[in-house]
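Quick notes on the structure that follows.
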Amino acid sequence: MSSRALPVRVVPPGMFGLGRGRRLIERDLLVARRVWWVPLSGIAEPVFYLLSIGIGIGKLVGRIPGPHHTTIVYATYVAPALLAASAMNGAVYESTFNVYFKLKYAKIFDAVLSTPLEAVDVARGEIAYALLRGTFYAAIFVAMMAALGDLVSVWAVLALPAAMLISFAFSAVGMAATTYMRGWTDFDLVQLVLLPLFLFSTTFYPLSTYPRWLQLAVECTPLFHGVSLVRALTLGQVGPAAAGHAAYLVVMGVIGVVVASRRVRVLLLE
Amino acid sequence: MPGEPLIYARGLTKTFGSLRAVDAVDFSVTRGEAFGFLGPNGAGKSSTMRMIAAVSPRSGGDLRVLGLDPDRDGPTIRGRLGVVPQEDNLDLELTVRENLYVYGRYFDIPRRELRARIERLLDFAQLSERADERVEPLSGGMKRRLTIARSLVNEPDLLLLDEPTTGLDPQARHALWDRLYRLKAEGVTLVLTTHYMDEAEQLCDRLVVMEGGRIAAEGSPRALIGRYCTREVVELRFGPGESERMAAKLTGLGGAGVSERIEVLPDRLLVYTDEGDAAVAAVEALRLEPVSVLVRRGTLEDVFLRLTGRHLVD
Amino acid sequence: MATPPMLRAVGYFAHAYRRTWRASIMTTFVNPVLYLAAMGVGLGSFINKGGHTAALGHLSYLQFVAPALAATTAAMTAASESMFPVMGAIKWTRTYFGMLATPLRVGDVLAGHLLWIATRVATAVSAYLIVMAAFGTTPSIETLAVLPAGVLVGMAFAAPLAAFAASQDNEQAFPVVFRLGVIPLFLFSGVFFPVSQLPLALRVIAYATPLWHGVDLCRELTLGRLTAAGAAVHVSYLLVLAALGLFLAKRTFQARLRT
């Protein structure tokens, strides 16, 4: 007995190591495999959005000033923002609705926590899965942008990693927020946060359109930094500001992971 | 280290705010025994089980599980436990086989080894034919058997079962008991909570009765019946509202050494006695003419009701 | 006089809503403010500056987009109220079965739930009209007719989708309906740009979709230029769709609830 009583895990997993959270991803993938057509249908989303901008609103707006004294079509301006918004939406959907369902209804995590896995593994595993799913959609989105000629700079190769960073930051904060949800009606609040972020984060027109006070408010919000980062990359306007945008998202994600781990422990382990 | 208890608790306490759900209890469980927690709802059984399962930190006292401290060595302990929770928390989106597979992977069991174990467990749980069906539409009994099979996937030293047969029909209960006997025969240590007295008598070598977060009594089922009940009980049923009046006429039975104690219930009288037939004869001699007479063995249920009272607990 | 059975069924949903109305009402009013500010005013200033408003019939972008968004919100509200909640009442809360254990019949349960959805749609459309008035985009008295028009649009979505939801074993298809059905309608039904900008093939499809009829109905109403012929086409299209949906919903509800 004494030899088996030795701790199995001597080294604690690092902050961004997945540890046993990997096993949770295996579970989620097994579920996803049965309903493969659901994520597959997500491919249609960037197609619809980019087309409606390209042949619709874009025609109404016309060409607008681009980098280096050129002009660009409106779709090229909006596409990176839609990529960022789509990364946010996917991550939040997965880490709020789906995680809440697993937490409160399917009781998936109760079973998980009676195995050697711990609360922190649950948080990391679920955030990682949301990130994985977000990456899948973002990759399709980027491919669509390339096909439609919306990538005008070599920096655009970093657009996918940037979308992953957005996905990570929002998954982590979404997961943390989910642990505070009291019922499905609280998800109305999620929508109430997501919609203004989507509409006002310089998604459809530049910051200069706003009055000064609104500009300051927008500059504090996370999707603005996501949009700015991706747009800087796809338009090739990369400067120190881009590093600042990335740093904002990293900090946001780390705070989300820490809070989510702590809260899952409190919720499920009393 | 033979002889060392698998679970050792001294002054074990769990508080939720001002509520003392578990109030300084002492017990220990040795390897190979089947140990039961009995008690009404809210007695502290499930809280105690959750502390043993290393998913709920204790508020006070001492607790060792498999010689380890659950607060510090949670993952190691859980790696060697099997847990059957009160409510099935199977993964309804997966098949029977996938449930066992995913759960086994949480224990880091290598895939090849896991596949072999799953076949044995499906057989054990009589679910081989349903292995590739989704869990959601299965019957309650099948889900319960799958939960038990799942709890065995890591070949645990200690199996914790929280009300294993609540809500099952008689066939499913007996099928489940049969599986639990087999495990016991194989030397698996069982710890279970129940409020079915027949289940406790069938399965437990030793049990404690909990009430209000404390341990009210401890011993084997036989010993508890001997201590808190009589060998036999005579149930006398009279017309409505006559119980009190008849009880007054029966008080002589105690003096004559025929009964130890008479309990008056709204619908019947219970005469606790070591000689049921003698007690019935004495009642007949008094010409009381009850509507019905039933002589039965003293059971754990009598012990339970005596220790925890007859009031309703929610 | 006894309350009609259908209204007794509505009573349940109204009662359940009382626990959650605060957040929901807030969303109902905040959404139009956000959309009109961001798309109507913000994007509008960008478009109006570009001088491409000829395509919009020389309307400001706000005027163009606001009534269309009112129609869209009717469709969206109806879609989200008629899928997950119907599945929930069958499978999770089993509310329908509770109702059917009383003298209510399947038809009453269905009609009651649809009536409740109509109430929610009416609230959402009213909120839009109020916010539109605040933005100064309700030029004519006919604008008030957007309310019944919006409810009709809502029913044209809710009835078929409730029929679909009751035929499903689980909720997995619902997000796909949004992605492949509701979202493209939202993007290509003339809400944000005139359908005339679409290539011919897509234009034909757009004219066949319910949201385009709803959008055009509400827009022409608001601008006070709806023709009798236009009204007849739009209204009869939406009525037929709602009736067809009701017919199918009756069947799928019967199949699901009378087991």
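Between A:Tyr74 and C:Phe46 the shortest side-chain heavy-atom distance falls below 4.5 Å.
Heavy-atom distances place the side chain of A:Phe200, and not its backbone, under 4.5 Å from chain C. Of the atoms belonging to A:Tyr210, not a single heavy atom falls under 4.5 Å from chain C. Heavy atoms of C:Tyr61 lying under 4.5 Å from chain A belong exclusively to its side chain. Heavy-atom distances place both the backbone and the side chain of C:Thr27 under 4.5 Å from chain A. Neither the backbone nor the side chain of A:Leu40 comes within contact range of chain C, judged by heavy atoms closer than 4.5 Å.
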Show which side-chain atoms of residues 179-200 of chain C pair as donor or acceptor with protein atoms under 3.5 Å away, not counting sequence neighbours.
{"unit_1": "C:Arg179", "atom_1": "NE", "unit_2": "A:Glu45", "atom_2": "OE1", "d": "3.3"}
{"unit_1": "C:Arg179", "atom_1": "NH1", "unit_2": "A:Val38", "atom_2": "O", "d": "2.7"}
{"unit_1": "C:Arg179", "atom_1": "NH1", "unit_2": "A:Ser41", "atom_2": "OG", "d": "3.0"}
{"unit_1": "C:Arg179", "atom_1": "NH2", "unit_2": "A:Tyr137", "atom_2": "OH", "d": "3.2"}
{"unit_1": "C:Ser189", "atom_1": "OG", "unit_2": "C:Leu185", "atom_2": "O", "d": "2.7"}
{"unit_1": "C:Gln197", "atom_1": "NE2", "unit_2": "A:Ile55", "atom_2": "O", "d": "3.1"}
{"unit_1": "C:Gln197", "atom_1": "NE2", "unit_2": "A:Gly56", "atom_2": "O", "d": "2.8"}

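At distances below 3.5 Å, at least one donor-acceptor pair connects side-chain atoms of A:Tyr205 with backbone N or O atoms of C:Ala38.
Between chain A and the residues C:Gly42, C:Ala37, C:Ser24, C:Ser45, the largest count of heavy-atom pairs under 4.5 Å involves C:Gly42. Interface remark: of the candidates A:Thr209, A:Val47, A:Thr203, A:Leu192, A:Leu192 forms the most heavy-atom pairs closer than 4.5 Å to chain C.
More than 12 heavy atoms of other residues, nucleotides or ligands sit less than 6.0 Å from atom CZ of A:Arg212. Atom CH2 of A:Trp37 has more than 12 heavy atoms from other residues, nucleotides or ligands within 6.0 Å.
Contact detail for A:Tyr93 and C:Pro175: the closest heavy-atom pair is OH-CG, 3.8 Å.
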